[in-house]
Number of protein chains: 2
Amino acid sequence: MPEQNAGLDTLPRFVVDRSSPVPLYFQVAQHLEDSINSGALPTGTLLQNEVDLAASLGLSRPTMRRAMQHLVDKGLVVRRRGIGTRVVHPKLRRPLELTSLYDDLARAGREPTTRVLSFEHVEAGAGVAENLGVAEGSTVVEVVRLRSAGGSPIAKMTNYLPESIVSFTEDDLATHGLYELVRQQGVALHSATQTLGARTATAAEARLLEEPRGAALVTATRTTYDDHGTAVEFGTHIYASSRYTFEINLLT
Amino acid sequence: MPEQNAGLDTLPRFVVDRSSPVPLYFQVAQHLEDSINSGALPTGTLLQNEVDLAASLGLSRPTMRRAMQHLVDKGLVVRRRGIGTRVVHPKLRRPLELTSLYDDLARAGREPTTRVLSFEHVEAGAGVAENLGVAEGSTVVEVVRLRSAGGSPIAKMTNYLPESIVSFTEDDLATHGLYELVRQQGVALHSATQTLGARTATAAEARLLEEPRGAALVTATRTTYDDHGTAVEFGTHIYASSRYTFEINLLT
DNA sequence: CAGTGGTCTAGACCACACC
DNA sequence: GTGTGGTCTAGACCACTGT
């Protein structure tokens, strides 16, 4: 007699749509994820075994396994041989995504606004050229933005992009995240490296971010690469530490 | 005529060991990873298609696919339908691991040293109790450490652990990372949430970290969970921002 | 012992990219 | 078209857990 068992009530009501272009494993994973997030499958729940689940959904076991593995990759469940599949701490969602500050704030319902402080074509200095992988002195687009939420400034963001991939306008940047715009141009973002640190604000920075003189700022530099290992974007950012912190989830 | 093609030279020499307990897909993935890291399969190389690779290794296609997917998850290759599998930027390894500051410094060859400032059993306050998921007032172990590298202090780390999982000693902490010790006791670390921010140093903190008065510090709070979603460790740390920054790699 | 997930096979059909 | 990876099936055997 298992201590807890679920999926018996919620899952048989669910049927996959075989005419949908959405893969079956993904439909199942999505439904399980929704059930976990909605509380229908609370933390600690032991799911039905994959063989029975596959049978009750009319799927093969490999397809069911793939759905399960998807949830493992997201950190929502843990699987143990001889034991079963257990729902873990629901707080640990969204382990690794390349999100922008704009998306983060929007998701938190904080109504982000962006003011573009400058948008111009400049010659790449040594630092920018090295991080972006372009020749020093070549032309790149420099974007400086002030992002606010709830009327208070959060961050000053300075980004450099190769001229060739910028076809959006200054207006687009006021209402969309930078990554969103880059992705819409067909660039497949692959990975990014980010360095976080801290330093005290200069007088101008303190004024801009409405922080006291000498306040501690979070600093971030990020380089984003596409599928070919080509740098797509390099940015140096400062954040008002009294109003923003970085949340990072890690899976072992 | 493909622009670049590989696997023809290196892979047929490789044979899987079917008597090994190491899964076949892992043996293959490991060999490919080694080939990539050694430069035998340089950046941009287009691998053989998975069907041929499977055949030449005497494996089924699903097994070969699994090896490939393993490399995709590690960020080493990119797969595109209709195109093939391509080796990407070798600089972007080790996307996301749960590492400790000790491990990070040791890997960088900076000879970390640790001084245990205190090691005692205390009653959990409200904040610690909530983050650790224990009752307020229950006994937990508090560890305060000063980590240095190259003779200079880097961070002051304050950790709280449930009393039950601490069987190591103060001496162990001077020469090993906290995660290493926890893992050695059979605890399966699953995931962690970390929050990074910044603030100015107090007078005592500045003195301890050998930073100027009012210096900006990086602050980090981290909660680590095991497979059961139980909190294993909660810590609040401060870092001398002039000597340490956080490197983070993200995969989209 | 029975039950669980972990691995592996040998096929099949489909969607997409390039020529 | 031809070739690529993406999805799916219906089995099989093994390793580990708990009774």
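This structure is a prediction, so every number in the text was calculated from the model and none was measured. Below, chain A is the first sequence line, B the second, and so on; all start at residue 1.
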* Asked: Rounded to whole angstrom units, what separation is found between the CG atom of A:Asp52 and the C1' atom of C:dA2?
  -> 13 Å
* What pairs with B:Arg81 under salt bridge (Lys or Arg N to Asp or Glu O under 4.0 Å), at least two apart in sequence or on another chain? -> none
* How long is the line joining CE of B:Met64 and C1' of D:dT7, in whole Å? -> 18 Å
* Asked: Listed by chain and number, what are the side chain to side chain donor-acceptor pair (under 3.5 Å) partners of B:Asp34, not counting sequence neighbours?
  -> none
* Distance check: side-chain N/O of B:Thr85 vs OP1/OP2 of D:dG5, anything under 4.0 Å? -> yes
* Ignoring backbone atoms, establish whether B:Arg79 has a side-chain N or O less than 4.0 Å from OP1 or OP2 of D:dG5. => yes
* Nucleotide C:dC18, atom P - distance to CG of B:Leu46 in whole Å -> 11 Å
Got a list of side-chain donor-acceptor pairs under 3.5 Å for residues 127-141 of chain B, not counting sequence neighbours?
residue, atom, partner, partner atom, Å
B:Asn131, ND2, B:Gly127, O, 3.0
B:Ser138, OG, B:Ala135, O, 2.6

* May I ask you to verify if any side-chain N or O of B:Thr63 is less than 4.0 angstrom from the OP1 or OP2 atom of C:dT7? => no
* **Pairing residues for B:Asp17 by the side chain to side chain contact (heavy atoms under 4.5 Å, CB included) criterion, not counting sequence neighbours** => B:Ser19, B:Ser20, B:Gln27
* **Rounded distance in Å - CZ (B:Arg86) to C1' (C:dA17)** => 13 Å
* Side-chain N or O of B:Arg18 less than 4.0 angstrom from OP1 or OP2 on C:dT9? -> yes
* Between residues 21-28 of chain B and DNA chain C, which residues have a heavy-atom gap below 4.0 Å? -> B:Pro23, B:Leu24, B:Tyr25
* Hey, is the main chain of A:Thr114 close enough, under 3.5 Å, to the side chain of A:Arg147 for a donor-acceptor pair? -> no
* Rounded to whole angstrom units, what separation is found between the CZ atom of B:Arg80 and the P atom of C:dC16? -> 13 Å
* Under 4.0 Å protein heavy-atom contact, by nucleotide of nucleotides 10-19 of chain D - B base, S sugar-phosphate only -> B-B--BBSS-
* To do: Name all residues meeting the side chain to side chain contact (heavy atoms under 4.5 Å, CB included) criterion together with A:Ala188; count only those two or more places apart in sequence or in a different chain, and write none if there are none.
  => A:Asp227, B:Arg80
* For A:Asp226, check side chain to side chain contact (heavy atoms under 4.5 Å, CB included) against everything at least two apart and list the hits. => A:Val187, A:His228, A:Thr230, A:Val232
* To do: Under 4.0 Å between any heavy atoms, over every strand shown, what does A:Arg65 touch: base, sugar-phosphate, or nothing? Just pick one.
  => base
* To do: Check the distance between C:dG3's P and A:Gln48's CD and give it to me in whole angstrom.
  => 14 Å
* Which heavy atom of B:Asn159 sits nearest a heavy atom of B:Gly235, and at what distance? -> ND2-CA, 3.8 Å
* Asked: How many Å lie between NE2 on B:His70 and P on C:dG6, as a whole number?
  -> 15 Å
* To do: Using only side-chain N and O atoms of B:Asn49, determine if any of them is under 4.0 Å from OP1 or OP2 of D:dT4.
  => yes
* Structure fact -> Sequence neighbours excluded, the answer for salt bridge (Lys or Arg N to Asp or Glu O under 4.0 Å) partners of A:Arg79 is A:Glu50
* Starting from C1' on D:dT4, measure out to CE on B:Met68 and report it in whole angstrom. => 11 Å
